[in-house]
2 protein chains.
Amino acid sequence: MSVDVDAIDHSLLRLLRQDGRRTYSEMAEKVGLSVAAVKRRVDRLREIGVITGFTVEIDHAKLGWGIEAFTELRYLGTTGVEEIVRSASMLPEVQAVFTVAGESDALIWLRVRDMAHLKQGIDHLRRTGNVTGTKTMMILGSWIRD
Amino acid sequence: MSVDVDAIDHSLLRLLRQDGRRTYSEMAEKVGLSVAAVKRRVDRLREIGVITGFTVEIDHAKLGWGIEAFTELRYLGTTGVEEIVRSASMLPEVQAVFTVAGESDALIWLRVRDMAHLKQGIDHLRRTGNVTGTKTMMILGSWIRD
DNA sequence: TTTGAAATGTTCGCGGT
DNA sequence: ACCGCGAACATTTCAAA
């Protein structure tokens, strides 16, 4: 399932990670190709599925959702992975769901307005699906690549 | 530190989360404003720090980095939070670092090519900084909002 | 806030390597 | 298969109302 992506493609991906709205002209200048060549390469990276989309990065604290936490969930042995993701992702407070192998079955990334809101979110998770136990870590700070 | 962001701003943020390369014209049509008004709003969201940037979403498995894991790290009590982030973020395998309150001090999101590579990454983390213990969860699947 | 016009960027066909 | 060129089309940007 791996694909051929050369050094220039990697440069383009790096440039787009730094700024997803960069123009083709700007990228063309940086990698030393024509504008059309750059567009064709980016189009191809989308077609073969290396690029799955573009998005905006938001400071949620500025929007009043300044508290983040990870909650590890354990489910009944009969609960399928798909079911875990489906039930957890319904909560608007859930930013991401990772199904994992280890003591826990899932790791949930929560984003909330305050502690009361967090409590409510965790309670909701415990009630939805067949949750048998939770363990929550408050996020003090985070660093994300690029 | 919270700011005033109205319903139209939220619509624009939602549209940009779905596709960060949407044109102002397209957004203008969807929210019922002129193109210039939309541009001014997006510019303002950047200025006040709600929008911190734009980026591309990549399928890393297609690039041959198909294994992901979370590693919980415990550090010596003398280790500062800044030091934890600084040492961990140096590894290219580290996708994100979350400093947390709880049993562990940090939660590291790793992305690697294979199991040998994962082992090497965790070993490196254990050696860098004052790590006193680790616990790793392999990621089986993930769902991320939008 | 909108309008309007110039500058800039995107898209695609075609010919060349 | 990949590139560059050029022309048509679309978007961005900003000044003025």
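Being a predicted model, the structure only gives us computed values, none of them experimental. Excluded from the calculations below are hydrogen atoms, water molecules and symmetry mates; all remaining heavy atoms, backbone and side chain alike, are included. Proteins get letters first, then strands, A, B, ... in listed order; numbering begins at 1 in each.
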Separation of [N] [atom2] from [X] [atom1] (nearest whole Å):
X	N	atom1	atom2	answer
A:D43	C:dC12	CG	C1'	11 Å
B:L33	D:dT12	CG	C1'	17 Å
A:K39	D:dC5	NZ	P	18 Å
A:R44	D:dC2	CZ	C1'	11 Å
A:Y24	D:dC3	OH	P	14 Å
B:K30	D:dT11	NZ	C1'	17 Å
B:E29	C:dT2	CD	C1'	17 Å
A:M27	C:dT8	CE	C1'	15 Å

Discussion item. Taking atom CZ as the centre, does A:R74 end up with more than 12 heavy-atom neighbours from other residues, nucleotides or ligands that are less than 6.0 angstrom away?
Written reply: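 No, CZ of A:R74 has 12 or fewer neighbouring heavy atoms, counting only those of other groups under 6.0 Å.
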Worksheet item: Looking at B:S25, does any N or O in its side chain come under 4.0 Å of the phosphate oxygens OP1/OP2 on D:dT12?
Response: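 Checking B:S25 against D:dT12: at least one side-chain N or O falls below 4.0 Å of OP1 or OP2.
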Worksheet item: So, is B:R40 near the phosphate of D:dC14, with a side-chain N or O under 4.0 Å from OP1 or OP2?
Response: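 Answer no for this pair, as no side-chain N or O of B:R40 is under 4.0 Å from OP1 or OP2.
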Worksheet item: What's the verdict on salt bridge (charged side-chain N to carboxylate O under 4.0 Å, His left out) for A:E103 and A:K135, showing C-alpha distance, side-chain angles and the deciding distance?
Response: CA-CA 11 Å; A:E103 285 174 39; A:K135 191 182 102 180; 5.9 Å; no
Fill in: 5'-most by nearest nucleotide on DNA chain D - A:R21 or A:R41
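First, find each residue's nearest nucleotide; the 5'-ward one identifies A:R41.
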Discussion item. Quick check for you: to the nearest 0.5 Å, what is the distance between B:E68 atom CD and B:Q95 atom CD?
Written reply: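 Between B:E68 CD and B:Q95 CD, I get 7.5 Å after rounding to 0.5 Å.
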Worksheet item: Which of the following nucleotides, C:dC12, D:dC3, C:dG9, is nearest to the side chain of A:A36?
Response: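 Per side-chain heavy atoms of A:A36, the pick is C:dC12.
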Fill in: Among C:dT10, D:dC14, C:dT3, the nucleotide that comes nearest once only the side chain of B:S34 is considered
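Of C:dT10, D:dC14, C:dT3, C:dT3 is nearest to the side chain of B:S34.
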Worksheet item: Step by step, would you call B:D43 with B:K39 a salt bridge (charged side-chain N to carboxylate O under 4.0 Å, His left out)?
Response: CA-CA 6 Å; B:D43 285 347; B:K39 180 185 187 296; 2.5 Å; yes
Practice prompt. Please confirm whether any donor atom in the side chain of A:R22 sits under 3.5 Å from an acceptor in the base of C:dG9, or the reverse.
Written response: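 Absent.
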Worksheet item: Are the side chain of A:T71 and the backbone N or O of A:I108 linked by a donor-acceptor pair below 3.5 Å?
Response: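 No.
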